[in-house]
Amino acid sequence: MAETNSIPTASESSGPIETDVVIIGAGPCGLFAVFELGLLDIKAHVIDILDRPGGQCAELYPEKPIYDVPALPVVTGQELTERLMEQIKPFNPVFHFSERIDSLSKGPDGRFHLKTDAATEFIAKVVVIAAGGGSFTPKRPPLNGIEEYEGKSVFYSVRKIESMRGQDIVIVGGGDSALDWTLNLAPVAKSLTLIHRRDEFRAAPHSVEKMRKMVEDASVRLMIGQVTTIEGRGGQLSAIEVKTAAGQEKIPCTAMLPFFGLTMKLGPVADWGLNLNENLIVVDTERFETNEHGIFAIGDINTYPGKLKLILSGFHEAALMAQAAHKIVYPDKKLLFQYTTSSSSLQKKLGVK
Amino acid sequence: MLASFEDTRAAMTKITFIQPDGESQTVDAENGLTVMEAAKLNDIAGIEAECGGACACATCHVYVDDAWRDKVGKATEMEEDMLDFAFDVREGSRLSCQIKVSDAIDGIVVRVPAKQF
């Protein structure tokens, strides 16, 4: 049994995880889908590329007030996420954070096979895509030709510090990622230059302080400016040019780590054979099902006539989707429509009776 | 007493958007909107506003023309933090979702950057 305050996540397992439903996206709609499915005795695993629940509410506006969630005159993205997590707790969803579903196909028995970028596999009767604006991915700086260097000498994350040993490293940005990597990589680098557009940093003050000390003892060079061009061949950087107040300066660079935040990209969803309209998944308005029977799409990622990208619309879509999913998960069971106010069986599931 | 038609109509302010290729478009925007909203309402190219005006991305980045910088004021700390995510940030860089349309900026000229990202 998980502790009351911890979020249950999957443990290492061998072989595919078999479940009723895989929900792609742990934003408000994906979380509420757990609730609506749970009331109908449908179990769900939830996968999200972020390392925590909430989706855009967690990543884009955790502190911003939301005024249009029914019955909550004002709620922040963070609070809404916390309340949803509390609401779905009775249904014990299993979360797989920091993973992205990369492939989706249909097996011979009609169930769906899914695989994440971390090689976690699922077999599910129903797939619910609640992926919002798509998966959050690091922003690619619009520097000419940067694509050919990505993964070779331009990195958006570092897996092994050792791989950076002896390199002329350039880190760009002023947030926690930029500062943390500056502190971690400086000891192994041949040279490390931190480039930021201004001499103020968003990162935690103690990291900034440490960085400034390293600048003082010359183990890190701090440049206030912006990268304008990159040079190299065959994917290997050799130098970059930086625009500073003093003018252009070229510095040697064999590895660059740009940290410009995250953006949302549709990603692998585009390759699953689903009908799309301007990067949104086309669904019907009775079941919110895609052109593929058993795959549903709810929340900001779907489109239909009259669609509004509102959290409350996504909640409605989750409820109708769950009714349709029930027919697939329990084809022989008759579904009796019940209210949480009066149904003792629903109240039992919610743990209030 | 009933207000006259003139009084109830929201005051309008002129905003000129200049594209990187020099093409310019002047629009009438209702006071109280943001410059980003005025851009979106008038289909100005190059203003993406991915986050919808929450000051949570940097895809409505514009360069405020020199003559208007003092009038629009300075970016807040939150906006400066977000500008870190914009590309080719310059002296007049602002996020257009954080500039309110008012009489004080009537006639303002903003330039759309070559790229939002």
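The chains referred to below are lettered A, B, ... by the order of the sequence lines, with proteins before strands, and numbering in each begins at 1.
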Measure Arg198(A) against the heavy atoms of chain B and call it side chain, backbone, both or neither at under 4.5 Å.
side chain
So which atom in Leu60(A) and which in Cys51(B) form the shortest heavy-atom distance, rounded to 0.1 Å?
CD1-CB, 4.3 Å
So with a 6.0 Å cut-off around CG of Asp21(B), is the heavy-atom count from everything else above 12?
yes
Look at atom CG of Asp199(A) and say whether more than 12 heavy atoms of other residues, nucleotides or ligands are closer to it than 6.0 Å.
yes
Counting only heavy atoms not in Arg83(A) (residues, nucleotides, ligands), do more than 12 fall under 6.0 Å from its CZ?
no
Residues Phe87(B) and Val227(A): closest non-hydrogen pair is CZ-O, 3.9 Å
N/O donor-acceptor pair under 3.5 Å between Gln226(A) side chain and Val89(B) backbone:
yes
Which one, Gly133(A), Pro141(A), Gly173(A), leads in non-hydrogen pairs under 4.5 Å with chain B?
Pro141(A)
Partners passing ring pair (Phe, Tyr, Trp, His ring centres under 6.0 Å) against Phe85(B) (at least two apart in sequence or in another chain)
none
Would you name the heavy atoms of Phe260(A) and Ala86(B) that are closest together and state the gap between them?
CE2-O, 4.2 Å
Lys243(A) and Asp88(B), any side-chain heavy atoms less than 4.5 Å apart
yes
Determine the minimum heavy-atom distance between Cys55(B) and Lys64(A), stating which atoms define it.
O-NZ, 3.8 Å
Do Glu80(B) and Arg197(A) have side-chain heavy atoms sitting under 4.5 Å apart?
yes
How many angstroms lie between atom OG1 of Thr263(A) and atom CD of Gln116(B), to the nearest 0.5 angstrom?
11.0 Å
Identify whether the distance between the nearest side-chain nitrogen and carboxylate oxygen of Glu50(B) and Lys139(A) falls below 4.0 Å.
no
